[in-house]
S.K.: 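Pasting a structure below so you can have a look.
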Amino acid sequence: MLEEPLKKRNSNELDALKEPVIIHTRTPGQTRKSEPAALKMVGPAIPNLPWQPRPAGSTEQVWRFSHNPIIDRHPIPCAYSVYNSAVVPFQGRFAGVFRVEYTTRMPYLHTGFSDDGIHWDLSHQRLTLTGADPEIATMEYAYDPRVTKVEDYYYVQWCNGYHGPTIGLARTKDFVHFQQLENAFLPYNRNGAIFPRKINGRYAMLSRPSDTGHTKFGDIFYSESPDLTFWGKHRHVMGRGGSWWQDTKIGAGPSPIETSEGWLLFYHGVLNSCNGFVYSTGVALLDLDEPWKVLYRSAGHILTPEASYETTGTVPNVVFPCAALCDSPTGRIALYCGAADTYTTLAFTNAFDLIAWLKENSMV
Ligand code: BMA
C-alpha cells in the first residue's frame, strides 16, 4: 500500500513541477544529529513521486515496493519481458524509455507513460530515431537506457549495437520525436550516464569501457564533451574491487543526482560466485567540480538480490538500477531497477539518511 493515495494535482502544483532547478533543504524539525545541516538536494520537486515509507523495524538503506514487480512478464504483445529501464518526471506525469525484450530475445527501446510512476502504458511499437548519419542509424539492438534532462532536452543514453556495444545517444522534448546523435564512444562500452547539467561548461558522462567479453575490465570512467559529439578529457573514477560484491566489474546506474556535497551515484557491482554473477547496488558521492574524485563509496551493497523476482528469472540474482527520481524537498528517492533480466521493480531510499549512512560506511 502507498503511504497516501496519489491525488490529482492542481495547476499550481503542476506549474511547480515545471520549475527547472530549485534548491531545498530538509523539512524543519527533521534534522538528525549525524546529518550536516547544510546538505541540500538540487533538482525538482516531484510531489507525485511513488513512495512507501521504510517498513517499521527495518534498518535497510533501501527498501522494496511491496507490490513489485511493477512490470511483469509479457506486458505487451511483442514483449517477453521489460526490464533495466529509465523514467523521468514529465509534464506532471512520468515518461520513460524501456528495454523491451522480444521473443527473439533481442532488446529494443519503447516509450511509456504513467500518471503515478507505477502503472505504465507502454508503446507497442519501438521508438523511432531520426536524423542520424546513415552509418550509425541501423539499430542492431538497444538496451539498458538511461534518461536525463539537461537544459531543454531529455537525453536517452543506451547500449547501442555498432560492431559491438557502445553508448548510443538521442534527445527528445516530447517523448514522441527522438533525434539520434553520434554514438559517444568506440565499442566496447556500456552503462553511459550523462550528468543532469554541464560541468565546467561541458556535457559530462560516466561510462564503462570493456573488452569483448564479460571479463575483468570493468571500471567507471568520466568524459566531457563541448557538443555531445566529441568526447574527451577521460578520467578514471572508480575501479572494481575493494569488497567482493563489486570485485568483478562495476557500472554507473542512473544519472548522478546533484547535492550540495557532491554527486550522488547509484552503481551496480558484480560478484563472480561459483554459481555465476550476482549484480548488487552500491552508492558513492563524487566531487561536484571534478567528478572523477570519489569522496565516499559504500563498502557494502545497499541492495542485493533477495526477493524471488530478483533471484529467479532469465538471469537469476540481478538487481540493475537505471533510474533514480529524487523529490528534493523531502530527499525521497524512487529507484527503478531491472530484476533478474525479467522484471521492472521499484525500491525506495531517502537521500539525507543515505548520505549520512554512506559517510559512516565508506571504503574511501
Ligand atoms: C550486463 C548487462 C545488463 C544485464 C546484466 C545481467 O552485462 O547486459 O543488461 O542486466 O548483464 O545479465
Side-chain angles (χ1 to χ4, degrees), residues 68-73 79-87 96-102 104-110 126 139-147 156-168 185 187-193 206-221 238 240 245-255 266-273 275-282 301 303-307 309-324 335-347:
N68 275 341
I70 59 168
I71 303 179
D72 210 331
R73 289 180 210 247
Y80 174 70
S81 53
V82 175
Y83 58 96
N84 296 8
S85 299
V87 311
V97 175
F98 293 81
R99 170 180 178 155
V100 175
E101 199 156 297
Y102 297 179
T104 58
R105 307 314 287 265
M106 297 287 290
Y108 296 101
L109 304 179
H110 288 222
R126 68 178 78 159
M139 187 167 279
E140 293 177 32
Y141 53 81
Y143 62 84
D144 295 358
R146 277 73 163 174
V147 181
V156 187
Q157 313 113 67
W158 72 95
C159 187
N160 194 20
Y162 178 72
H163 303 276
T166 184
I167 308 301
F185 304 115
Y188 291 69
N189 200 317
R190 293 180 238 221
N191 303 304
L206 300 173
S207 72
R208 205 275 306 287
S210 68
D211 65 7
T212 58
H214 288 275
T215 54
K216 289 205 165 197
F217 193 109
D219 295 356
I220 298 175
F221 284 79
M238 305 200 295
R240 63 193 164 80
W245 72 269
Q246 51 187 334
D247 202 37
T248 301
K249 53 183 174 176
I250 57 173
S255 284
F266 295 97
Y267 67 99
H268 66 258
V270 181
L271 165 80
N272 192 4
S273 80
N275 202 28
F277 287 158
V278 179
Y279 280 71
S280 305
T281 304
H301 48 59
L303 189 65
T304 196
E306 286 173 10
Y309 49 78
E310 296 162 342
T311 58
T312 308
T314 298
V315 182
N317 298 316
V318 178
V319 172
F320 200 92
C322 284
L335 204 56
Y336 288 79
C337 301
D341 286 10
T342 306
Y343 307 105
T344 302
T345 66
L346 252 179

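Both ligands and their constituent atoms are indexed starting at 1 by order of listing.
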S.K.: Strictly distance-based, threshold 3.5 Å: is any side-chain N or O of Thr248 a donor or acceptor partner for the main-chain N or O of Val270?
M.R.: yes
S.K.: Would you say Tyr143 and ligand 1 have an N/O pair spaced under 3.5 Å apart?
M.R.: no
S.K.: What do we get for Phe277 next to ligand 1 when only non-hydrogen atoms under 4.0 Å count, side chain, backbone, both or neither?
M.R.: neither
S.K.: For the residue pair Tyr143 / Glu101, report whether a side-chain donor-acceptor contact shorter than 3.5 Å exists.
M.R.: no
S.K.: Judged on heavy-atom distance to atom 12 (O) of ligand 1, which of Thr342, Asp341, Val318 sits nearest?
M.R.: Asp341
S.K.: For Val315, take its heavy atoms, then give the atoms of ligand 1 lying under 4.0 Å from any of them.
M.R.: 12 (O)
S.K.: Between Arg99 and Asp144, does at least one N-O distance fall below 4.0 Å, as a salt bridge requires?
M.R.: yes
S.K.: Cation-pi between Arg105 and Tyr80: NZ/CZ under 6.0 Å from ring centre and within 45° of the ring axis?
M.R.: yes
S.K.: Side-chain donor-acceptor pair under 3.5 Å between Asn317 and Thr311, yes or no?
M.R.: no
S.K.: With a cut-off of 4.0 Å, which atoms of ligand 1 are near a heavy atom of Asp144?
M.R.: 2 (C), 3 (C), 9 (O)
